[in-house]
Each structure stands twice: as C-alpha cells, then as structure tokens.
Amino acid sequence: MALEPAGDFVRLDQPELNPYYTAVKISGVKVQESPEWLKERLVAVGLRPINNIVDITNFVLHELGTPLHAFDAAKVQGGIVTRTAYEGETIKALDGQEYTLNCTDLVVADQSGKALAIGGVMGGEESGVTDATTDIILESAWFKPSSVRATSRRLALSSDSSYRFERGTSAWNVLRGSVRAVELILQLAGGTASPTYVAGSPVPNPAHASMPSCGGADGPVSVFASLKQGKGATVTNELGFVQLPWKALDQISGGSISHEEGTRILTALGLKQVPDSPECWLIPPTAWISRARATFWRKSCAFSAWTAYRPASPAPSWRNPR
C-alpha cells in the first residue's frame, strides 16, 4: 500500500473535530450482489446486505472496529473538504430523510461546497454508491467522539458508525481498516486503487504514557502490531489498554471465578496480558467500545456461565475464505 500526502485532494478545515482523514480512489469497480459468505456474516450480526461495496465497509466495521464510508466518485467535485456546516444547511441522508444542520455539525463536503455526508454519523443519499457507480472514494477517518455524539443526538440520527465514533475508536487503526477494505473491494468488485491519500495525523493517546513497558503518548512500539501490506508499507494497529484489578473480579463474581480462569476467559475474548503486569491487558480494536473495567469482568462472568452449560464447539470464522 502506497501512502501519499493528501495535498489538494483532502482539506481539513476543522482539525480539532477531524484531525485525521484518509481517502483511496478505486476506479473501474463493478457494483453487484455480494457473495454468499459475506451476506451470511452480515445477516449474522443483524445487517441487511445491500451491495458488495457497502457490504464490505460494514463487514470491516464489525471485523476490525473501523468505521468506513464509500462515496460515488462521480458525485464528488474536485476533492474532499471536512468543515462545519453552514447554519441552516440541509442534507438528505442515506435513510432518506432530510436534516437541517447548524454551525456545530461537521460535514464531509466536496470542493464545490456540496455536503456529501454528516461527519461520523451518516452519508448523504446523493453521493451514495449505486448499481451505476464505477468509481468510488473510500473514506477512513477519525472524528472527535463528542462532536459525533452531539450531532447524532441533536438530529436523532444514529448508525453503526456513529455508535462507535461516539464511544471512541482508535485513530491509529484508520489505515488498517482502509487497507482491509481495499483488499476486499479489489477482490470482490475489481478495479484499480490509487495511493492512500493521508491528511493530518492520528491524535496522541494520553493513556499510552501510563502503560507498562511502553514509551510516550505518540506511539509506544510495544503496543503495536505491524501489518505488511502491498509493497512492504507498514500499517500500525493500536491495541487499547485497560487495567483490570483481580479484586474487581472477586467482587463481581462473588469469588466463583479464579484468577487463573479469569486469565483464560480474557484471553479467549481476545485480550493480551501485559508481561510482568498481570492486571494490565491490551485490547483488540473490535473491543474498544468495551473499555470499562466492569464490562470486561461482567463479560467474563457471562462467558464462564455460558461455557459451564454449553459444550465446547469451534467458533465460526468471521474472516472471508481465501
């Protein structure tokens, strides 16, 4: 995967609300029905399959925890601009409803000034992918949680993406989600991908400074898993961090779950124990919305009860067949 500065293609007018935005243009795609394996996985999590492009963005959202959006490139004039809305500006969203925005709402627009999406909440109907689409612009970005939450609540409009942005996604996983989606789009829809245009940078995570055996807030190497993509470009994948005192498990479970069993359950849930710090755990991107300590211990109790009454069986694979 080649990375290039966005230059004039992406402009961030409100970096305090949207400090990091990436875009890939994929030309010559064929929008069609998704294969059965993809439709089955979406139906399994309660989603309705739409077409291969939209389905891939939804799949990656649930696979990696990274919200994405695809625009019909023919409906985008010039390039991408993220800005606050004009007072009274309107946009017809993908749910078919028209919404009136105010100057606190963030929008993704094109260089003609036309709003394409409500940033982090929902795309616009006019720029959405249809069966006639041949070229797309794939968005993977990080939006400030409080901004997304305020707009979503004021408009009474929510989506799977806004649900995650409101609760905090990892800016360091933006590129990882984009890479995965591009891989699937080229596989299932064809086409040719441009370099990934990058505007801004991931916001520092203050929590990193307090992590055991880690560096400063701008990117502790020990917390990242590097993925080799394309021509050897390295994409960083941030793992979240949570401290889980064993005494909290003792209180929630009433002492019925041993610390050894708690370790086994957390590992099965995808967490990784920090060496030499048995109460510190790294969290995969898909579990970022569950960073509250009590949430993990309650999940552990539920997991323990579930396995006690249900025979072990292989978990279905979420990944696509190779």
Side-chain angles (χ1 to χ4, degrees), residues 9-10 21-43 45-64 66-82 91-99 106-112 114-141 143 157-165 174-175 177-197 320:
F9 189 67
V10 179
Y21 192 103
T22 72
V24 181
K25 185 173 182 179
I26 307 177
S27 304
V29 299
K30 183 178 181 180
V31 180
Q32 58 189 346
E33 187 177 350
S34 295
E36 288 301 319
W37 69 262
L38 180 51
K39 291 191 292 185
E40 288 173 0
R41 283 158 175 77
L42 293 178
V43 170
V45 293
L47 297 180
R48 177 177 61 88
I50 298 172
N51 60 52
N52 53 352
I53 302 296
V54 175
D55 292 350
I56 286 168
T57 63
N58 287 329
F59 176 82
V60 174
L61 168 64
H62 287 82
E63 183 187 43
L64 301 180
T66 305
L68 303 163
H69 184 68
F71 299 102
D72 185 331
K75 306 293 179 61
V76 179
Q77 297 184 42
I80 298 294
V81 179
T82 64
I91 183 173
K92 190 174 184 180
L94 286 170
D95 65 352
Q97 302 298 310
E98 187 170 280
Y99 295 91
L106 186 76
V107 298
V108 179
D110 65 14
Q111 291 180 1
S112 75
K114 178 180 63 180
L116 307 172
I118 305 170
V121 180
M122 187 173 289
E125 184 177 80
E126 184 180 346
S127 60
V129 173
T130 68
D131 291 346
T133 299
T134 57
D135 303 331
I136 66 169
I137 296 173
L138 180 70
E139 166 194 285
S140 185
F143 298 101
L157 175 65
S158 63
S159 64
D160 284 349
S161 291
S162 68
Y163 180 87
R164 282 158 179 79
F165 279 128
V174 163
L175 279 174
S178 178
V179 166
R180 175 64 171 148
V182 170
E183 173 191 30
L184 288 171
I185 289 170
L186 297 181
Q187 176 186 331
L188 300 181
T192 304
S194 73
T196 301
Y197 299 105
N320 64 300

Original post:
Given side chains that start at C-beta, do those of P67 and D160 come closer than 4.5 Å, heavy atoms only?
Top reply: no
Original post:
What are the two closest heavy atoms between A193 and V182, and how far apart are they?
Top reply: CB-CG1, 4.0 Å
Subject >> Nearest-0.5 Å distance that lies between atom CG in L188 and atom CD in E183 >> reply: 9.5 Å
Subject >> Pairwise side-chain contact, T133 with N51, heavy-atom cut-off 4.5 Å (strictly under) >> reply: no
Subject >> Shortest non-hydrogen contact from V10 toward A23 >> reply: CG2-CB, 4.2 Å
Subject >> Parallel, tilted or perpendicular, as decided by the 30° and 60° cut-offs, for the rings of F9 and Y197 >> reply: tilted
**OP:** Mind running side chain to side chain contact (heavy atoms under 4.5 Å, CB included) on L94 and H69 for me, showing each step along the way?
**Re:** CA-CA 12 Å; L94 286 170; H69 184 68; 3.8 Å; yes
Subject >> Any donor-acceptor N/O pair, S34 side chain to K39 backbone, under 3.5 Å >> reply: no
Original post:
For V60 and G177, which heavy atoms make the closest approach, and how far apart are they?
Top reply: CG1-O, 3.7 Å
**OP:** Could you tell me the separation between the CD atom of E125 and the OG1 atom of T130, rounded to the nearest 0.5 Å?
**Re:** 11.0 Å
Subject >> Considering all heavy atoms, the nearest N52-K30 contact >> reply: ND2-O, 3.0 Å
Original post:
Hey, are E126 and K114 close enough for a salt bridge, meaning a charged N less than 4.0 Å from a carboxylate O?
Top reply: yes
Subject >> Which atom of M122 lies closest to which atom of A93, heavy atoms considered >> reply: SD-CB, 3.7 Å
